[in-house]
2 protein chains.
Amino acid sequence: MDQLNDALVSLRQIMRAADLNARKLAKETGLSISQLLVLQAIEQSTDLTAGEIAKEVNLTQATISSLLDRLEQRELVHRVRGAADRRKVYVALTETGRALLSSAPEALHDRFSDRFLKLETWEQSMMVAVLQRVTGMMEASDIDAAPVLDAGKIDRTPLS
Amino acid sequence: MDQLNDALVSLRQIMRAADLNARKLAKETGLSISQLLVLQAIEQSTDLTAGEIAKEVNLTQATISSLLDRLEQRELVHRVRGAADRRKVYVALTETGRALLSSAPEALHDRFSDRFLKLETWEQSMMVAVLQRVTGMMEASDIDAAPVLDAGKIDRTPLS
DNA sequence: AAAAATAGTTTGAAAATTTAATAATTCTTT
DNA sequence: AAAGAATTATTAAATTTTCAAACTATTTTT
């Protein structure tokens with residue numbers, strides 16, 4: 001129907017905006033888009049391993065590995081060998097890395113925020129509700145890219 | 001505000017979904033993300049010059065140039081030297097290129113579409129209205145990336 | 001008709017990405 | 001417990017993407 005088409009057009013526009021935003025942001029921070037994604041992933045959930053990051057951002061482990069080399073070189077992250085399982089390598093943001101991320105000027109967000117705050121309260125509510133609905137309707141895409149992140153990183157040392 | 005935060009979270013999720021989708025799509029079509037963006041840009045507005053494409057997708061002319069080399073090599077686009085101004089190079093999709101784009105399995109869209117069509121009509125309307133509102137609220141980002149595409153002087157002079 | 005500006009390409013180099021191979025560690029099965 | 005399989009990360013080699021700077025061709029300005 002026409003409704004569907006309109007919705008898809010809007011979605012595509014949002015995606016385009018997202019992409020341009022990411023590029024601009026990357027340029028401004030002197031990072032590549034992938035590096036940015038990786039840093040954000042690390043920021044969001046602590047104690048990620050290299051492999052988990054790879055799944056998260058949809059790249060191979062090898063790519064992450066060399067990507068981390070660079071990020072580490074710049075002292076934006078550091079690696080910590082796992083204690084319980086020494087094959088694993090946990091990655092964490094350094095202070096510098098955290099600072100870079102938070103200082104990253106999110107032009108798109110700022111612009112959106114300004115406008116959002118000018119809306120009536122009920123409009124804000126409606127918008128939030130709809131946006132959440134939309135994300136829900138897209139969500140499955142994650143699932144077949146990155147199967148599942150099973151039980152968190154609550155890394156209990158096995159008693160053995 | 002909390003509302004704002006919720007909205008931003010949703011937006012970020014949508015962007016993430018968009019990014020993953022782009023990657024997957026690129027992989028499936030055997031193109032890079034940039035190549036995909038370029039093709040889509042060409043599809044949308046005809047008679048783009050190389051330079052305009054560069055602005056449109058936020059890459060340098062040099063990058064576009066080599067990118068077009070590849071696309072042309074694969075016969076997805078072809079270049080036409082401008083007639084009025086022979087410095088310019090207009091880029092157009094070939095049949096193959098058009099076919100590739102339209103056959104591109106838009107997994108994300110499909111999934112969304114299925115679900116969208118199951119909504120009540122009024123829900124669809126509301127969703128469209130809100131989405132359009134959101135894109136409107138983001139729109140400015142385009143403007144400072146790609147200044148303006150003023151009234152097109154469509155001078156096409158085909159092959160020679 | 002020079003000089004300056006514009007459009008696109010080429011070149012050289014860094015970084016990103018992937019697949020395949022390798023190394024280290026842990027888990028399984030006998 | 002030892003041998004073999006599986007997991008996790010890294011390295012190696014090849015390709016691709018990307019950009020800045022230099023360059024060519026064309027148009028516009030002076």
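By convention in this document, chain letters (A, B, ...) are assigned in the order of the sequence lines, proteins followed by strands, and residues within each chain are numbered from 1.
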ask   = NA contact type, R23(B), heavy-atom cut-off 4.0 Å: base, sugar-phosphate, or nothing?
value = nothing
ask   = Is the phosphate of dT9(C), meaning OP1 or OP2, less than 4.0 Å from a side-chain N or O of S65(B)?
value = yes
ask   = Between dA9(D) and Q61(A), is there an OP1 or OP2 to side-chain N/O distance shorter than 4.0 Å?
value = yes
request  = Verify the contact: side-chain N or O of S32(A) to OP1 or OP2 of dT18(D), cut-off strictly under 4.0 Å; return yes or no.
outcome  = no
inquiry  = If the threshold is 4.0 Å, N to carboxylate O, is there a salt bridge linking D114(A) and K118(A)?
reply    = no
query = Taking 4.0 angstrom as the limit, do R79(B) and E72(B) come out as a salt bridge?
reply = yes
task = Just call it for S66(A): base, sugar-phosphate, or nothing, with non-hydrogen atoms closer than 4.0 Å on any strand.
result = base
request  = For residues E52(B) and T49(B), determine if any side-chain heavy atom of one lies less than 4.5 Å from a side-chain heavy atom of the other.
outcome  = yes
inquiry  = Regarding dT25(C), can its base be found pairing with the side chain of R86(A) as donor and acceptor, where the two atoms are less than 3.5 Å apart?
reply    = no
inquiry  = Regarding S34(A), tell me which of base, sugar-phosphate or nothing describes its non-hydrogen contacts under 4.0 Å with the strands shown.
reply    = sugar-phosphate
inquiry  = Any non-hydrogen side-chain atom of Q35(A) less than 4.5 Å from a side-chain atom of R70(A)?
reply    = yes
query = Do any side-chain nitrogens or oxygens of R81(B) fall under 4.0 Å of OP1 or OP2 in dA7(C)?
reply = no
query = Using a cut-off of less than 4.0 Å, is there contact between a side-chain N or O of T49(B) and OP1 or OP2 of dG8(C)?
reply = yes
task = Check the distance between dT9(C)'s P and L68(B)'s CG and give it to me in whole angstrom.
result = 7 Å
inquiry  = Distance check needed: dT6(C) C1' versus K55(B) NZ, whole Å only.
reply    = 10 Å
message = Of the listed nucleotides (dT10(D), dT16(D), dG8(C)), which one gets closest to any side-chain atom of V89(B)?
response = dG8(C)
